Participant: 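Please find one structure pasted underneath; my questions will follow.
Note that the structure is predicted; figures quoted are calculated from it, not measured. Every chain is numbered from 1, with letters handed out A, B, ... down the list of sequences.
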There are 2 protein chains.
Amino acid sequence: MVEITRKQREIQQRTQEILRVAKPILIAEGLQALTMDRVASHMQYAKGTIYNHFPNKEEIVLELAIEAMKLRHKLFDAGASGDRPARMRLMTIGVACEFYTQRCSEEFQVEQWMRNANIWDKSSSERQVIIRQCEAGCMQVVARLVRESLEQGDLPALDHLSPEEMVFGLWAITFGSQILTASSPSLEALGVFDPIRAIRIHCCRLLNGFGWQPILDEHQYLKLVENIAAEYFPRFEQIQREHR
Amino acid sequence: MVEITRKQREIQQRTQEILRVAKPILIAEGLQALTMDRVASHMQYAKGTIYNHFPNKEEIVLELAIEAMKLRHKLFDAGASGDRPARMRLMTIGVACEFYTQRCSEEFQVEQWMRNANIWDKSSSERQVIIRQCEAGCMQVVARLVRESLEQGDLPALDHLSPEEMVFGLWAITFGSQILTASSPSLEALGVFDPIRAIRIHCCRLLNGFGWQPILDEHQYLKLVENIAAEYFPRFEQIQREHR
DNA sequence: GTCAATTATTGACGGAGCGTCAAAAATTTC
DNA sequence: GAAATTTTTGACGCTCCGTCAATAATTGAC
């Protein structure tokens, strides 16, 4: 049923090519450097042709963001798999977040652009929905761990909190710290010298505060995170490579 | 020494008038609606006159952000004062944050715009420095509470964390949740029904996880936050009114 | 193999906002 | 009240956006 002519295939490939051209411009020079004229001339096409693929540059950014969030989702899935206790798999997802921010910094940056109100508001609701679905997917991966722990008794019942609201706190602290780190070049001047370690410790204390077993003291916890990072970073790199 | 002619006073007042005109445009219609032409025609001045006050519209936004952050700083100061235990004054600052987000929503929005890379990168380093100072001021208000608690023994020593890094975690979770709430209209669809209460609980658990006295269970904590809110909201409203 | 129909590409164009700057107007100084 | 200084003005050149009529390429029927 799905016949694809050579020409149609060429057009699909050009959509990919546009994304490949646009991404480094956005990453290196920001949104205002990313113009349709520039993408067109860079590819030796007329501007109108680019407009056949994307109705505006914001949609290009959102398409890049969709790719980025799919990669994030894969990393989360990889972190949540395995048969260790749920709290440790949760820690692995934390490590996946660190990996994503550090080693997939382009994708991380693209996600920031996506949250930019200018961009979000100008792009189509179709792509917005896809983004929301990716977001929900990541949320579900973590919420499943919470549910599992509640069932198994590792995590005492949450009186006033849904499992998703439990995840929301972790999401907020992780996300918040990453935004602050990215947008406050002067964290050191504020007295924050190692934000990554700081957030690791806060997550440990937070989960301890919820009584999530196994309870770990700070020292054990930091050691364990290092081990998980050493073990999982190669797997994450593999996933990153495959995500072409 | 500081002689001010009538004309100079008029010019200073006009700077204020520009801010008063620009703010509702930014709040109601966003950044791209805020144009120098529009501000000028709205005030019945030529565009060049506006450019005598601000070299670009981004600077207008940053100036609004400076006003906003000064208000935030005042609220923090008010929350940190008094002679109750430090942990409770910290909770009061949390309530001040909630007040700011809910009741000073315009200022809160302006702060979001300020973090927009387009705006930040185009504005002068003078204003950027002032913003950083406000940020540092707020940080210091909270960090002082941490130091005080460490000295008094309410808070066990932090092995791997500076007091500012302790604050960083609270900042991250508060800030992160507010951004997520503001930029994810679909939190309910994700299973997050009451993000404000959720973050209150997370803060309680986090501080409990650090062993910060007095330890409170969730129920006591939520009750106490309500009481603090009822007591302090009127004071905060007073500060808001005075902050013209 | 030809030609008409369909589809894709092109780039000039109108519109909008930015920031500038020489000329005009207002104000201050002497 | 005239010269010097300061302030205001708005037209201008620039860049980018998104459109669309004209042109070119492709397809498919015969």
Side-chain angles (χ1 to χ4, degrees), chain A residues 2-18 21-22 25-26 28-63 113 116-124 126-127, chain B residues 1-18 21-22 25-26 28-63 113 116-127:
Chain A
V2 190
E3 289 292 317
I4 300 176
T5 67
R6 179 182 61 79
K7 185 71 192 173
Q8 284 173 319
R9 204 166 47 246
E10 273 177 29
I11 291 176
Q12 284 182 7
Q13 284 172 353
R14 196 163 52 213
T15 300
Q16 289 308 309
E17 208 189 332
I18 290 171
V21 166
I25 296 176
L26 179 68
E29 299 177 64
L31 183 67
Q32 117 273 46
L34 179 62
T35 69
M36 292 303 230
D37 285 289
R38 188 163 165 190
V39 170
S41 80
H42 199 295
M43 293 175 66
Q44 317 249 55
Y45 281 106
K47 186 166 47 163
T49 303
I50 311 299
Y51 274 96
N52 282 347
H53 293 266
F54 296 98
N56 53 53
K57 66 176 178 175
E58 286 76 12
E59 294 276 333
I60 297 180
V61 178
L62 236 66
E63 189 61 36
W113 282 114
N116 188 96
N118 298 315
I119 294 177
W120 185 261
D121 294 343
K122 273 189 104 177
S123 58
S124 68
E126 286 76 21
R127 285 204 169 82
Chain B
M1 279 300 89
V2 189
E3 290 292 318
I4 299 179
T5 69
R6 178 183 62 76
K7 185 69 191 175
Q8 286 174 318
R9 204 166 47 248
E10 273 177 29
I11 291 176
Q12 283 181 8
Q13 284 172 352
R14 198 163 50 213
T15 300
Q16 289 307 309
E17 208 188 329
I18 290 171
V21 166
I25 297 177
L26 179 67
E29 299 176 65
L31 182 67
Q32 117 274 49
L34 179 61
T35 70
M36 293 303 233
D37 285 288
R38 188 163 167 191
V39 171
S41 80
H42 200 294
M43 294 175 65
Q44 317 246 56
Y45 281 107
K47 187 165 48 160
T49 303
I50 311 300
Y51 275 95
N52 282 347
H53 293 266
F54 295 97
N56 52 55
K57 67 175 176 174
E58 285 77 12
E59 294 275 331
I60 297 179
V61 178
L62 236 65
E63 189 61 37
W113 283 114
N116 188 95
N118 299 314
I119 295 176
W120 185 263
D121 294 342
K122 272 188 106 178
S123 58
S124 69
S125 57
E126 287 76 22
R127 284 203 169 83

Participant: D/dC17 phosphate, OP1 or OP2: any side-chain N/O from A/Lys57 under 4.0 angstrom?
Facilitator: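 Affirmative; the distance criterion is met.
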
Participant: In whole angstroms, how far is the C1' atom of C/dG17 from the CG atom of B/Leu31?
Facilitator: 12 Å

Participant: If you compare every side-chain N and O of A/Asn56 against the phosphate oxygens of D/dC17 (OP1, OP2), does one of them come in below 4.0 Å?
Facilitator: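 For D/dC17, OP1/OP2 do not have a side-chain N/O of A/Asn56 under 4.0 Å.
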
Participant: Is there side-chain contact between B/Ile50 and B/His53, with at least one heavy-atom pair below 4.5 Å?
Facilitator: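 The answer is no; the side chains never approach within 4.5 Å.
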
Participant: Check the distance between C/dG19's C1' and A/Gln32's CD and give it to me in whole angstrom.
Facilitator: 15 Å

Participant: Could you tell me the separation between the CD1 atom of B/Ile60 and the C1' atom of C/dC18, rounded to a whole number of Å?
Facilitator: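 It works out to 13 Å between those atoms.
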
Participant: Would you mind reading off the distance between B/Tyr45 atom OH and C/dG19 atom C1', rounded to a whole angstrom?
Facilitator: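 Value for this atom pair: 21 Å.
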
Participant: For A/Ile18 and A/Met43, work out which heavy atoms get closest and say how close.
Facilitator: CG1-SD, 3.6 Å

Participant: Checking contacts here: which listed nucleotide (C/dA12, C/dT10, D/dT7) is nearest the side-chain heavy atoms of B/Asn52?
Facilitator: D/dT7

Participant: Counting just side-chain N and O atoms, does A/Thr35 come under 4.0 Å of either OP1 or OP2 of D/dC16?
Facilitator: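 It does not, given that no N or O in the side chain of A/Thr35 lies less than 4.0 Å from OP1 or OP2 of D/dC16.
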
Participant: To the nearest Å, give me how far apart CZ (A/Arg38) and P (D/dC16) are.
Facilitator: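 In whole Å, D/dC16 P lies 9 Å from A/Arg38 CZ.
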
Participant: Hey, is the side chain of B/Arg14 poking within less than 4.0 Å of OP1 or OP2 on D/dT8, counting only N and O atoms?
Facilitator: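 Yes.
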
Participant: Kindly give the heavy-atom pair with the smallest separation between A/Trp113 and B/Ala117, and that separation in Å.
Facilitator: CH2-CB, 4.1 Å

Participant: Considering only NZ, NE, NH1 and NH2 on the basic side and carboxylate oxygens on the acidic side, decide whether B/Glu58 and B/Arg127 come within less than 4.0 Å.
Facilitator: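 No, B/Glu58 and B/Arg127 are not salt-bridged.
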
Participant: Starting at NZ of A/Lys47 and ending at P of D/dC16, how long is that distance when rounded to a whole Å?
Facilitator: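 Atom NZ in A/Lys47 sits about 9 Å away from atom P in D/dC16.
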
Participant: In whole angstroms, how far is the P atom of C/dT7 from the OH atom of A/Tyr51?
Facilitator: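 The answer, rounded to whole Å, is 24 Å.
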
Participant: Can you tell me how far P of D/dG18 sits from CG of A/Leu34, to the nearest Å?
Facilitator: 11 Å

Participant: Which one, C/dG17, D/dG18, D/dC17, comes nearest to the side chain of B/Asp37?
Facilitator: C/dG17

Participant: Tell me whether the side-chain N/O atoms of B/Lys122 come closer than 4.0 Å to OP1 or OP2 in C/dG19.
Facilitator: yes

Participant: Contact between B/Thr15 and B/Phe54 at the side-chain level, heavy atoms closer than 4.5 Å - yes or no?
Facilitator: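 With C-beta onward as the side chain, the pair touches.
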
